Amino acid sequence: MPELPEVEILARHLAPLLLGKTIRAVEVRRAKVLRPTSVKQLEKKLVGAKFIQLRRRGKYLLFDLKKKGEGQFTCLGHLGMTGRMFLQPHGAGLPKHAALILDLGKLRFVYEDTRYFGRFTLDTTSVESLGPEPSSADFTVAGFALALKRSAQPVKVKLLDQSLVAGVGNIYASEALFRAKISPRRAARSLKREEVQRLHEQIRVVLQEAIDSGSTIPLDFAGEKTKDRLFYFGRAANAPDYYEERLLVYDRSGKPCPTCRTPIKRLVQAARSTFYCARCQR
DNA sequence: CACCATGTTCCTTG
DNA sequence: CCAAGGAACATGGT
């Protein structure tokens, strides 16, 4: 489930379910996801604590908790590539790769992650190095331009740098560049002011549209029936029963560019796939 | 068997 | 200190 929009949708889904609930017990099935926190440290801190707020920063979830008579503290969650978080009744089947289970009384919170790349930890230092939130006023064209100027890397690769702007991942990097009509191969520092401006705007637009789209779809957070690929489809305006593909270039190599019909190309940069239209993107 | 996958972090080199 | 490149992490789908 993981770029900024997916995490935002998850945060909105979980917040009302978690707030006010108290953790009765903690079960850690894969201690690796707590790193560098130990099982003991997590248990000691979480058992008896109540959720008081849930925030998102970049692709991270920040769970604010508090125990009676003690100070507030924060737990950090990240979904890695394959993580999910959801609530379920006790007795419901646990997924094969359940990494952490929090007993909330009537319900339990499950963090499962097939590849265990994600985290659920007391160490919140990762958020310190994040760049501005793309939707906030802190994400300025001037600041973005300045950061791009310092890099000789291809702009697509640079967009994945979370210190530049927080939350853009491999899918939306390709999508934003397509919409801004900029080639993913361009050196970050070579972009003209107008191009930086277009890219800045399209990053904001593509992420916001994804959040809006995700909000209207009945998502299956537990992932038992459907796959979360569903998230990448938008509800078609006039046909309520099927989902129209929403991504314009990602994972569409060989398919026609939505603008000019030229086949979409796939390129490997920094060991990640990039998709683009060689005709529309210069 | 081969290659691919929504991400971050660590290590090395310059 | 910074930028950049590459491997590592781990499991599953095609």
Side-chain angles (χ1 to χ4, degrees), chain A residues 1-11 29-37 56-61 76-85 95-99 111-121 123-131 134 146-177 185 187-190 203 206-207 209-211 213-214 217 219-221 223 226-233 245-254 266-275:
Chain A
M1 258 229 128
E3 297 182 34
L4 182 152
E6 295 86 328
V7 181
E8 174 65 24
I9 297 298
L10 177 62
R29 298 204 166 189
R30 186 63 79 114
K32 187 209 165 200
V33 305
L34 309 186
R35 66 191 181 281
T37 302
R56 178 195 57 73
R57 180 78 172 89
K59 302 172 195 172
Y60 293 90
L61 285 168
L76 172 146
H78 195 288
L79 298 169
M81 297 259 249
T82 53
R84 299 167 191 279
M85 292 179 188
K96 182 175 178 185
H97 301 290
Y111 163 41
E112 77 89 22
D113 187 351
T114 306
R115 294 169 73 179
Y116 304 109
F117 284 0
R119 291 207 297 162
F120 194 94
T121 176
D123 169 34
T124 60
T125 55
S126 296
V127 299
E128 290 167 15
S129 47
L130 291 178
L146 209 60
L148 290 171
K149 275 289 176 234
R150 277 187 261 123
S151 174
Q153 280 187 306
V155 60
K156 152 64 170 33
V157 176
K158 203 59 197 165
L159 283 182
L160 300 181
D161 178 348
Q162 302 298 296
S163 71
L164 194 71
V165 53
V168 178
N170 204 41
I171 292 176
Y172 295 113
S174 282
E175 294 295 310
L177 284 165
R185 325 172 80 118
R189 63 165 56 129
S190 77
I203 286 169
V206 81
L207 296 177
E209 281 184 8
I211 292 170
S213 168
I217 296 175
L219 292 174
D220 174 20
F221 290 93
T226 58
K227 291 279 199 274
D228 51 36
R229 276 300 274 184
L230 196 53
F231 190 86
Y232 297 112
F233 292 69
E245 273 213 68
R246 193 162 56 69
L247 300 180
L248 303 179
V249 292
Y250 184 81
D251 201 19
R252 296 182 58 80
S253 45
R266 172 178 179 268
L267 164 73
V268 175
Q269 298 178 291
R272 316 285 311 268
S273 289
T274 302
F275 299 88

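Chain letters run A, B, ... following the sequence lines, proteins first and then strands; every chain starts at 1. Bear in mind the structure is a predicted one, so any value in this text is a computation, not a measurement.
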| said: Can you see whether R266(A) engages S273(A) through a side-chain donor-acceptor pair at a distance of less than 3.5 angstrom? | reply: yes

| task | May I ask you to say what R189(A) touches in the nucleic acid, namely base, sugar-phosphate or nothing, with a heavy-atom cut-off under 4.0 Å? | result | nothing

| query | If we take the P atom in both dG12(C) and dT9(B), what is their distance in whole Å? | reply | 24 Å

| said: Rounded at 0.5 Å granularity, tell me how far CD1 in I203(A) sits from CG in L159(A). | reply: 5.0 Å

| field | Below 4.0 Å: OP1/OP2 of dG5(C) and any side-chain N or O of Q153(A) | value | yes

| message | Check the phosphate of dT6(B) against R115(A), side-chain N and O only, distance under 4.0 Å to OP1 or OP2. Yes or no? | response | no

| For the atom pair CZ (R84(A)) and CD (E6(A)), what is the distance rounded to the nearest 0.5 Å? | 12.0 Å

| task | In whole angstrom, give the distance that lies between atom CZ of R266(A) and atom C1' of dC3(B). | result | 9 Å

| said: With rounding to the closest Å, how many angstrom separate the P atoms on dT8(B) and dG13(C)? | reply: 23 Å

| said: So, OP1 or OP2 of dT6(B): does either fall under 4.0 Å of a side-chain N or O from Y250(A)? | reply: yes

| Phosphate oxygens OP1/OP2 of dG7(B): is one of them under 4.0 Å from a side-chain N or O of K59(A)? | yes

| request: Grab the CD1-P distance between I171(A) and dT6(B) for me, whole Å please. | output: 7 Å

| If only side-chain N and O atoms of S273(A) are considered, is one of them under 4.0 Å from the OP1 or OP2 phosphate oxygen of dA5(B)? | yes

| field | Approximate separation, where rounding is to 0.5 Å, of L267(A) CG and F275(A) CZ | value | 9.5 Å

| message | Stacking between F117(A) and dG7(B), defined as ring centres under 5.5 angstrom apart with planes under 30°, is that present or not? | response | yes

| K158(A) NZ - dA4(C) P separation (whole Å) | 5 Å

| said: Classify R30(A) by what it touches in the nucleic acid, base, sugar-phosphate, or nothing, heavy-atom distance under 4.0 Å. | reply: sugar-phosphate

| query | Quantified in whole Å, what is the C1' atom distance between nucleotide dC1(B) and nucleotide dC9(C)? | reply | 22 Å

| Base, sugar-phosphate, or nothing: which does R150(A) touch, judged by heavy atoms less than 4.0 Å apart? | sugar-phosphate

| said: Nearest heavy atom decides the nucleotide; on that basis, is F275(A) or Y60(A) closer to the 5' end of DNA chain B? | reply: F275(A)

| query | Are T121(A) and T37(A) linked by a side-chain donor-acceptor pair shorter than 3.5 Å? | reply | yes

| field | H78(A) side chain near dT8(B) phosphate (N/O to OP1/OP2, under 4.0 Å) | value | yes

| query | Contact class for T82(A) (heavy atom, under 4.0 Å): base, sugar-phosphate, or nothing? | reply | nothing

| message | Measuring only the P atom in each nucleotide, how far is dG6(C) from dC4(B)? A whole number of Å is fine. | response | 16 Å

| task | Would you indicate, yes or no, if dG12(C) has its OP1 or OP2 atom less than 4.0 angstrom from a side-chain nitrogen or oxygen of K96(A)? | result | yes

| query | Is it true that a side-chain atom of K32(A) and a backbone atom of Y116(A) form a donor plus acceptor pair closer than 3.5 Å? | reply | yes

| query | If you count the non-hydrogen atoms of other residues, nucleotides and ligands that lie under 6.0 Å from CZ in R185(A), is the total more than 12? | reply | no

| query | What is the base-pairing partner of dA10(C), counting Watson-Crick and G-U wobble geometry with both distances under 3.5 Å? | reply | none

| task | Round to the nearest Å and state the distance from D161(A) atom CG to dG5(C) atom P. | result | 12 Å

| said: What's A152(A) touching, base or sugar-phosphate or nothing? Going by heavy atoms closer than 4.0 Å. | reply: sugar-phosphate

| Given the P atoms of dC1(C) and dC10(B), what is the spacing between them in whole Å? | 15 Å

| remark: Atom CG of D113(A) and atom P of dT11(C) are separated, to the nearest Å, by 10 Å

| message | Please tell me if R272(A) has a side-chain N or O lying less than 4.0 Å from either OP1 or OP2 of dG7(B). | response | yes

| request: Provide, to the nearest angstrom, the distance between the CG atom belonging to D251(A) and the P atom belonging to dG13(C). | output: 16 Å

| query | Quick one: L61(A) CG to dT8(B) P, roughly how many Å, whole number? | reply | 12 Å

| Gap between atoms CG and C1', on L164(A) and dC2(C) respectively (whole Å) | 15 Å

